[in-house]
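Scroll down for the structure; my scribbles are underneath it.
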Amino acid sequence: MIPAAFDYIRPSTVEDAVNALADAGEEGKVLAGGQSLLPVLRLRLAAPALLVDLGGLSQLRGIREDGDMLVIGAMTTHAELAASSVPLLAQVAATVGDRQVRHRGTLGGSLSHADPAGDLPTAAVALDAQMVLAGPHGRRTVAASDFFVDLFTTALAPDELLIEVRVPKLQGWQTHYTKVGRTAQAWATVAVAAAVRRENGSIAQARVALTNMGPTPVRASAVEQALAGVAVDGDAIAAAAAHAAEGTAPASDTTASAEYRSHLAKVLTRRALLAAVGR
Amino acid sequence: MTAVAENTEVGRARLRKEDARLLTGRTRWTDNIAVPGMLHMAILRSPHAHARINSVDVSAAAAAPNVVAAFCGKDVAETQGVLACAWPVTEDIVMPTYLPLAVTEVRHVGEPVAVVVARDRASAVDALQLIEVDYDPLPVVLDIEAALAEGSPLVHEDKGTNKCYTWVFDSAAAGSGGDVAGVVADAEITIKRRYVQQRLIPSFMEPRSVIVEPAAGEGGSWTVYSATQIPHILRFLLAATTGTPEHKIRVIAPDVGGGFGGKLAVTPEEWIAFAAANRVGRPVKYTETRSEAMVSAHHGRDVIQDLTLYAKRDGTVTGLDVKLLANMGAYLGIVTPGVPLLGAFMYNGIYKFPAYRFECTGVFTTTTKTDAYRGAGRPEATYAIERIMDELAAEVGIDPMEVRRRNWIRHEEFPFGTVAGLTYDSGNYEAATDKAMQLLGYDELRAEQAARRESNDPKQLGIGISTYTEMCGLAPSRVLGALRYGAGGWESASVRVLPTGKVEVVTGSSPHGQGHVTSWSQIVADQLGVPFDDVEVLHGDTRTSHKGLDTYGSRSLAVGGIALVMASQKVREKARVIAAHMLECSPDDVEFADGAFRVKGSPEASKTIADCALAVFAAHNLPDGVEPTLDSEATFDPEGFSFPHGTHLCAIEVDTETGEVAIRQYVCVDDVGRVVNPLIVEGQVHGGVAQGIAQALYEEAVYDAEGNLLTSSFADYTLPSSADLPDIVSDRTETPATSNPLGVKGVGEAGTIAATPAVVNAIVDALRPFGVIDVQMPCTPERVWRALKEVIA
Ligand SMILES: Cc1cc2nc3c(=O)[nH]c(=O)nc-3n(C[C@H](O)[C@H](O)[C@H](O)COP(=O)(O)OP(=O)(O)OC[C@H]3O[C@@H](n4cnc5c(N)ncnc54)[C@H](O)[C@@H]3O)c2cc1C
């Protein structure tokens, strides 16, 4: 529970941060809110020689509009997000851990950490968010579906920073996040993010993404397909939700078995969809 | 006599004197203490559940920056002493040698193997990584039943068995009841159930910490600071097992942040710090990390309970047979073997069973040792009997409360000699139950339950009942002796009256969060007629309090509190002589009321304790032969236990689709006898209920097949927080204990004992129409879902 020794810097520009990371190579590590990184260091699962603290990059904090997109700085905290009106993300951020964690933890840190039980990655995938990455050779944009590569693994190179996240404003959509965990403050055993756009009393389009149903957040595409064009009706939604576990690969661990997770995915998908459409 | 002023403090909801300091962080946790020249220790622990140690090489660690010393078990084999078990429950009990630092073999993950002492903590931890240990892994044995099977690997090869002991109580043999074998044939109803008490980790808030200041040369003395519940026992055992003279050891338990039985222990870490300080000749501090606490501090429960209940068609119980398998872990802690026996006397609960037999077998496994955890034995007993009484009700087809009424001891039947051989001095189960049922709205809830069953609601409602009693006030020394416990159960107190009339109280019952300072002040204020604020309570330092048996088993008030009353009365008797002298009358003509001595019949002139204190300070004009002091000391050894009881009820909604449970209402009516401070009582009840709910729904220590503890941090070991707990409606009835002059019983464990069966009974009650008769604790959503799935499929 005592980390190995490391050096620490707190740059004030993205360029300085990126350069410091490039110089440190494999030995560097980004520090955002520290809510996931510090436990890793204390358990000595990692022993980086240099920590690059993004806490001084106030330019990465906050939410702005850009046409029909919302742009969220990577250093925006869960608490700030929860208090915002960003569709889905606001509700999801409010379910993260406890108050202390939400006031320290950041959207960028959560996405970069890519914990399969993390809530924000699922929301990003459900929203088809775009991740803006900055590296020594400039910036690039990666779609959420390509960003999450594996368990705790993203498309970020060691010398890259996630600087902002772009999400559609989703006007006319209804969203909901349903989460089951062992305690009020626990990580999700399984959770489901649902977004629905209605046209003339039926579902025109639906997006459903699942938390902790595999190494990365997954879209429940079978459910989405089954929903396209159906009436907004309990039975139709239940029938579609029955496909939720298709193509998933949930883990068995001390919290729950894969079998139970698959069952939960179906129940929670139905509930999330019904809640989204106000049923 | 005028209306007693004596009752002004006892019974008052005083805010705790302790809290201003604790809440503003002006605390002295052991880890906050720094002594001059202090070094820091880190411990290398076994990654294997069972292995032979071929060699340990500490040379690289010893040469690391800032390191002062590094050593392993072999280096201190002669001097480190051993850890004692104080409770050899049977004559033929198997007692393995328990070394602080392993020398040739490790028997659980986390067992200490080597040590680094450095100038700072980080350097000590860094250097641990440089120690090379060559292990030969040995077969592990984790399951209690597997450990008893023929050909099982042995935890202690030299003992030739994994069985630690078998202890039997039989009411026929004891003369307290009939023979269970005799009721089998005639039993109209026979119910057999197996319940499993999962392994729990006592999650005290403050991790354990110890500082040892060694003797500075010939004739010097040792000071040991430790986050312990038992400074007096620690001092005695350090002296007894290391050969250090007792009078040369001072033990200080400064502020101690909770224990729940987890610090009712003498620990390998204390002994290792002692050895390390002696080796380097400088003070050494060791503070564990949370994960170290979880693998190495003792665990609780871990018992398989096989019950057979015999009854008549009308629901009257005719006999109870209990067989336990209790997991000791790899070694025996201070009271490990005795914990299940504390439950042996409680399986009959509040009931009049004619015949009872109890048998417990202790079993060694390659896991962390178990030992006392809040309630120690009594939660297990209460859980089992309260669960199976519900089964009996279902079998007979009557309300579960009715089956209890048909069997419980009625209030007019006290004192009552139980089938387990105890005498319950007082109680009123009817009163507590009636009040609880009213507070809950029992009948309305039953109606709602019926409606939900009728409508096939996906959320089913369950009502859980737990009518409990427990034995508190550990303990009559003679009883402990008869049970082969190594020490007595008395407690001591002394009262010192200062010249200005202020009072210092020294208690041998060393608290770790219970609020003794406040309650003790209230008691003394009444006894001596001094203001609450004029009493200072001293504890937890063997130099001020040389004598005591410390805090556990809800004993402090019922034993230590009585010692305090006795010491106060001695002060009063001494003062009476002085007051009489000043009032120029005979001591027999003086009465003490409203905080002052007065001549009977002439209330104008009065002398307070403060007047007497000043008089003895000056000592100019004392009666002949009177010692110039009011100071007094008393030691109290109770004649019997005290028996708190109560009724806990809860209403739980079970989501039959996800298996999630939500406690909608929780009501408890406890009878803890006379109440000194209602706020403290309420706090103990709430905390206890939280811990009881936690066993029912959340907590479980889990090992993998190799014996690694998977739940070794709070990320994996699920503790509830306030957000997960219901509003607790707590109320009381007050049937004073007759076994002590204050009429108090004890409240430290009541909530934990009562809550667990209330919650699980509610879950099973909700699901009984589906055919569910048990859900294994902790009742996680998955387990509830599976229980339903199995019966529906
Ligand atoms: C008690 C507790 C409960 C929690 N419960 C939940 C929960 O219910 N749901 C949930 O989703 N999460 C939960 N979390 C995790 C929380 O959401 C963390 O905030 C989040 O995982 C990491 O964010 P952070 O800002 O603290 O990042 P850090 O811990 O500082 O960093 C995490 C990782 O991301 C990297 N990183 C951080 N920022 C960037 C960046 N901008 N660019 C590149 N790499 C970066 C770091 O190098 C590190 O590897 C919990 C945490 C705790 C301690």
Side-chain angles (χ1 to χ4, degrees), chain A residues 1-6 35-36 38-45 47 94-95 97-102 115 117 178-192 234 238 241-242 244 250 252-272 274, chain B residues 40 42 65-66 120-126 128-129 207 287-294 458 655-662 693-694 697-704 708-725 778-786 788-789:
Chain A
M1 290 284 179
I2 296 181
F6 52 81
Q35 298 306 293
S36 294
L38 261 67
V40 165
L41 300 185
R42 288 165 68 100
L43 293 167
R44 296 203 174 200
L45 299 173
T95 72
D98 52 42
R99 204 171 277 267
Q100 290 93 324
V101 171
R102 292 195 293 274
D115 191 311
T178 298
K179 176 175 174 178
V180 165
R182 286 288 313 280
T183 62
Q185 299 172 353
W187 296 77
T189 305
V190 170
V192 178
S252 287
D253 54 32
T254 49
T255 306
S257 69
E259 185 195 2
Y260 176 65
R261 285 201 163 97
S262 297
H263 166 77
L264 262 192
K266 295 177 223 168
V267 177
L268 300 188
T269 296
R270 190 190 80 229
R271 290 184 181 178
L274 288 173
Chain B
H40 298 263
N66 292 324
D120 62 278
R121 190 178 180 193
S123 299
V125 173
D126 282 344
L128 290 183
Q129 293 179 328
T287 301
E288 68 188 356
T289 65
R290 178 60 65 181
S291 292
E292 285 183 291
M294 297 180 91
D655 183 329
T656 56
E657 285 189 302
T658 63
E660 290 173 286
V661 301
I693 292 174
L697 299 182
Y698 300 106
E699 296 186 38
E700 181 173 34
V702 182
Y703 285 98
D704 71 10
N708 296 301
L709 184 66
L710 296 176
T711 50
S712 61
S713 81
F714 285 148
D716 306 300
Y717 186 80
T718 312
L719 284 182
S721 70
S722 55
D724 300 293
L725 297 167
C779 304
T780 64
E782 174 160 1
R783 287 202 178 134
V784 172
W785 172 73
R786 275 191 191 285
L788 262 171
K789 197 167 151 264

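To find a chain, count down the sequence lines: A is the first, B the second, and so on, and within it residues start at 1.
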For B:Asp716 and B:Thr711, what are the C-alpha separation, side-chain angles and deciding distance, and is it a side-chain hydrogen bond (donor to acceptor under 3.5 Å, both in side chains)? CA-CA 5 Å; B:Asp716 306 300; B:Thr711 50; over 6 Å; no
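Screening A:Thr189, A:Thr255, A:Asp253 for a side-chain hydrogen bond (donor to acceptor under 3.5 Å, both in side chains) with A:Arg261, the sole residue that qualifies is A:Asp253.
Heavy-atom distances place no part of A:Arg42 under 4.5 Å from chain B, backbone and side chain included. Looking at B:Arg786, the atoms closer than 4.5 Å to chain A (heavy atoms on both sides) all sit in the side chain, from C-beta outward. Proximity to chain B involves both the backbone and the side chain of A:Ala256, based on heavy atoms less than 4.5 angstrom apart. Residue contact with chain A, scored on non-hydrogen atoms closer than 4.5 Å, involves the backbone and the side chain of B:Ser291 alike.
Remark: B:Glu660 pairs with B:Thr658 by the side-chain hydrogen bond (donor to acceptor under 3.5 Å, both in side chains) rule, at least two apart or across chains. Residues satisfying the side-chain hydrogen bond (donor to acceptor under 3.5 Å, both in side chains) test with A:Arg44, not counting sequence neighbours, are B:Asp126, B:Gln129.
Taking chain A as the reference chain and counting heavy-atom pairs below 4.5 Å, the highest number among B:Glu292, B:Arg783, B:Glu700, B:Arg121 is found for B:Arg121. Chain A forms more heavy-atom pairs under 4.5 Å with one residue of B:Val702, B:Leu710, B:Leu719, B:Thr780 than with any other, namely B:Thr780.
Using a 4.0 Å cut-off between charged nitrogen and carboxylate oxygen, B:Lys789 and A:Glu259 count as a salt-bridge pair.
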